[in-house]
Amino acid sequence: MNRGIWGVLVAAVLAAALVVGLAGTCLGGAMYQNTSGEVARAVRVEFSEPAEITSMWPSFPQRDPPGPATVIVLSGGEVPAGGWFSFTWRPDTARVVKIEWFVSPPSSARPSLGFSDPIAKPEVHGELLNPAFFAHPAYVMQGVSDRDEVFALPLHGVPELALYPVLGDLPASSLTWKFEVSHPEGIGAAIEDGTLYIWGSNSEWQGYGEVELHVSTPDGRAGSVEIPVVVFCTDRTLVNPQGKKDYFVPWGVVLDINRILSTEEHMRQYNKPDLGLLDRTLRFSRWRQMEFMRDVTIRKWKNELVPGGPWPQSSQFTYVDVVLDELRSIGVDTIRFENIYYFTSRSCTELVPIYDRYSAAGPTRRAHEVAYVINEAHRIGISVLYYHHYHLDPAFSEGLYEMDDSTPDSVMVVFRLIETLELAILPSLVALGVDMVGLASWIEGIGPIAERDPALIDDTIIRIVTRGRNAFPGPITKICVYGAHFYPGGDILHARFWAHVDVLTAILVFRVDGRTGRVDSPPLTSFPNPTVEQLVEAWKGLIEKYFQPFQERYNKPFIAVENGCVALEGAANWGVTFLYWEKAPSSTTVSISDMRLHYLSQHLAFVSMDGYFGPGWYTYSFDPNFGGGVQDGYDFTPRLKVEDLIQELFLGRAVPRLIRVDGQRDDWLPAYLITSARSEGSSGAAGIAGVYFAADEQYLYFMIEFEALVTKRGFLTLEIAAGRGGHPGLFVQCDNVYTVSERWNGWLHTGYPEYTRVGTADVAVAGSSVELRFSRAFVERNLIWPPGRVRVTFHNTLGQVENATEWLSLPAL
């Protein structure tokens with residue numbers, strides 16, 4: 001093992017012994033300083049006798065083994081150089097014999113699975129893989145017989161072979177194995193050393209078939225299973241019976257195994273239920289068929305020390321759960337998860353994470369935060385495309401495109417820093433079973449580098465991708481900057497590096513100057529108010545001129561990135577670039593119809609494009625400050641705007657909501673009224689005349705009806721009792737303090753008396769009423785369920801209560 005990457009950093013330890021008693025159980029405790037001079041991302045603790053770690057700070061969520069042991073490896077967090085790490089354990093009779101700091105988790109942090117490469121080893125057995133199963137076809141390449149390129153399946157121990165009633169405890173060598181091949185002219189098969197091999201035996205044959213595997217025991221028991229086989233061409237394509245091409249991308253069974261193990265550990269660690277959505281399929285092929293991605297981009301994050309909180313880790317993770325649940329409900333099956341790293345100065349000689357300082361893109365996610373998002377997505381059946389974005393330290397106002405004083409030497413330093421970071425992080429992504437990675441993303445937009453030497457950009461990307469293949473066995477893509485025209489010295493869609501990635505990408509909107517950020521190309525159409533038909537024709541023109549030739553040139557799957565629209569008048573013609581168009585009117589008029597036109601027309605145009613595999617719609621947020629919605633907001637998120645359209649396009653149907661939070665009262669039935677009494681102490685300025693409540697499977701809905709339009713600035717608070725004698729476990733606070741009088745923003749809070757904000761409510765104003773919507777899953781995670789009573793109050797800007805209802809009983813859910 002390369003100790004330069006995994007090397008042990010044994011610290012000189014300064015310990016302060018601590019012994020405390022808790023609920024009759026004696027604990028030991030200690031604090032240690034990381035004096036190794038390096039950031040430690042794993043800790044190995046050796047005890048004098050078996051012990052169990054009960055708490056720690058900072059947190060390392062991954063433990064190996066999870067229970068009592070004499071040696072425990074903690075990973076998934078970090079202790080900075082010079083930082084302190086404290087933990088408690090039981091029993092207090094155990095002493096810490098030794099503590100070691102690691103740059104990355106040592107090999108003992110994850111049990112050996114018996115796989116040193118994507119070819120399965122016969123010693124892998126059913127107990128280890130259960131309840132994982134083999135269900136997908138064997139994907140093999142046309143005319144390949146090299147054992148490193150074929151499908152390889154261990155005969156003993158894969159549950160879905162349905163042979164356990166036959167096998168029992170008998171070794172594979174005592175059984176009789178036979179197979180039949182449906183298309184011997186093109187499919188080859190063999191059994192050797194307890195492994196079934198399948199390959200494409202003919203360089204001219206491609207298509208579908210199966211291998212039927214039979215097994216029998218000496219006493220006559222028998223069983224069989226059919227293994228579907230797909231033989232694709234050496235260009236990674238196959239013409240299917242429908243006359244269209246299927247595309248195939250690299251894969252390794254280690255990604256499937258790690259996805260299962262990592263997610264199951266995540267469920268144990270955070271006490272999450274197994275919903276049956278985790279894909280436990282094991283794909284033993286070196287390839288898999290590329291599937292259409294119903295995907296969105298995820299951005300922004302709030303760490304604990306970032307201004308605008310407080311956002312404790314548990315609150316941030318709860319909000320991640322809520323967002324992912326909502327995305328799954330509208331049909332999303334893939335998220336593009338971007339992490340941010342920063343150059344510390346204009347000279348760009350150091351590339352670092354920034355965890356606790358706000359920037360426009362959001363801070364860097366820590367390793368255990370990345371793991372949480374990926375594991376939680378996998379738990380509910382959502383795949384992950386992970387990539388990096390690079391910025392200057394937010395302390396500087398420039399972007400990387402303003403590195404005009406860059407010298408050739410400094411350019412190479414920048415590229416080497418990016419290459420080192422990306423290659424170092426790949427093993428952790430493999431351990432999480434990430435489904436696809438983007439390498440060398442956005443780097444063609446750094447300064448005038450590409451303009452001066454586009455060949456250097458090509459060479460750098462090719463080198464990073466080539467080296468990345470040695471560490472990551474799945475598909476690799478390249479997230480590309482700006483539009484179809486921008487590649488100084490040539491069209492970026494003709495760059496050499498595309499031949500080296502597995503999946504093509506492009507931003508579907510127009511040209512943006514990489515150094516200034518200015519849009520300098522025309523809108524989609526010349527019509528100020530285009531129809532959907534006019535926009536579809538415009539999209540088809542771009543497809544015919546740019547994107548279809550791009551896809552055909554490299555004959556690979558094509559996906560879109562940063563592909564969205566703001567909800568403003570005129571934005572349908574511009575999409576994501578509308579806010580950056582220097583000639584654009586300073587539109588303040590919200591137009592959901594513009595957003596809807598942009599999404600719908602794009603879908604109608606691209607859905608029939610050959611090789612098109614995903615829209616990359618932009619953007620949902622993991623920052624609770626931005627994650628919610630307001631029906632009259634212009635931001636990128638489709639929440640409260642076109643989420644029903646996305647659901648219809650992704651799933652073929654839109655599930656109707658019980659209440660549409662749209663500023664209209666026509667769907668609020670009289671039966672939803674829980675009080676109509678005039679609020680106590682009403683002065684008329686903000687008298688609360690009625691409170692309505694409704695719920696469906698995903699959301700809770702409230703409407704607060706005022707006696708008149710509220711023009712007085714203040715705070716509207718909806719407290720929800722959790723069955724604890726009226727003591728609220730959660731409250732929703734809306735305010736119109738920083739906006740126009742008719743506009744309200746909503747916040748979810750929990751944890752009296754800490755008043756910790758946890759998310760953003762969805763809000764719409766209906767004349768003298770305010771509609772609220774928030775996730776039922778969120779409430780279930782934060783209250784004793786179901787909630788029993790609510791109370792509504794209105795505070796002025798000084799925090800004084802002007803009007804309040806009594807506690808109101810909620811109907812049973």
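- Applying the side-chain contact (heavy atoms from CB on, under 4.5 Å) criterion to Gln289, with sequence neighbours excluded, gives Tyr139, Asp246, Phe248.
- Residues passing the ring-ring contact (aromatic ring centres under 6.0 Å, His included) test with Phe85, sequence neighbours excluded: Phe60, Phe87.
- With sequence neighbours excluded, the residues that form a ring-ring contact (aromatic ring centres under 6.0 Å, His included) with Trp287 are Phe232.
- The cationic atom of Lys556 (NZ for Lys, CZ for Arg) does not lie both less than 6.0 Å from the six-membered ring centre of Tyr247 and within 45° of the ring axis.
- For the residue pair Arg299 and Tyr618, a side-chain donor N or O sits within less than 3.5 Å of a side-chain acceptor on the partner.
- The closest donor-acceptor contact from the side chain of Glu552 to the backbone of Pro549 lies at 3.5 Å or more, if one exists at all.
- Residues passing the side-chain contact (heavy atoms from CB on, under 4.5 Å) test with Asp235 are Cys233, Thr237, Asn555, sequence neighbours excluded.
- Counted by atom type alone, Asn563 and Gln602 present one or more donor-acceptor pairs between their side chains at under 3.5 Å.
- Listed by chain and residue number, Phe343, Leu351, Val413 satisfy the side-chain contact (heavy atoms from CB on, under 4.5 Å) test with Leu417 (two or more places apart in sequence, or in another chain).
- In this structure Asp256 satisfies the side chain to side chain donor-acceptor pair (under 3.5 Å) test together with Trp251, Arg259, Arg283, sequence neighbours excluded.
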Query raised in the report: Between His378 and Asp435, is a side chain to side chain donor-acceptor pair (under 3.5 Å) present by the stated rule, with each step listed?
Result: CA-CA 10 Å; His378 285 157; Asp435 306 83; 2.8 Å; yes
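- For His603, there are no side chain to side chain donor-acceptor pair (under 3.5 Å) partners two or more places apart in sequence or in a different chain.
- Arg467 pairs by the side-chain contact (heavy atoms from CB on, under 4.5 Å) definition with Glu419, Leu423, Arg463, not counting sequence neighbours.
- Residues satisfying the salt bridge (Lys or Arg N to Asp or Glu O under 4.0 Å) test with Glu376, not counting sequence neighbours, are Lys272, Arg379.
- Remark: His500 pairs with no residue by the ring-ring contact (aromatic ring centres under 6.0 Å, His included) rule, at least two apart or across chains.
- A donor-acceptor pair shorter than 3.5 Å cannot be found between the side chains of Trp539 and Glu544.
- Side-chain polar atoms of Glu350 and Tyr342 form no donor-acceptor pair below 3.5 angstrom.
- Evaluation of the ring-ring contact (aromatic ring centres under 6.0 Å, His included) rule for Tyr341 yields His388 as partners, not counting sequence neighbours.
- Between His266 and Tyr372, the ring planes are perpendicular. Angles over 60° get that label, and only those under 30° would be called parallel.
- Applying the side chain to side chain donor-acceptor pair (under 3.5 Å) test to Arg236 and every residue at least two apart in sequence or in another chain returns Asp502.
- Using a 30° and 60° split on the angle between ring planes, His368 and Phe317 fall in the perpendicular class, above 60°.
- Note on ring orientation: taking the six-membered ring where Trp is involved, the planes of Tyr599 and Trp617 are perpendicular (angle over 60°, cut-offs 30° and 60°).
- One side chain, Asn34 or Ser36, offers a donor N or O that lies under 3.5 Å from an acceptor on the other.
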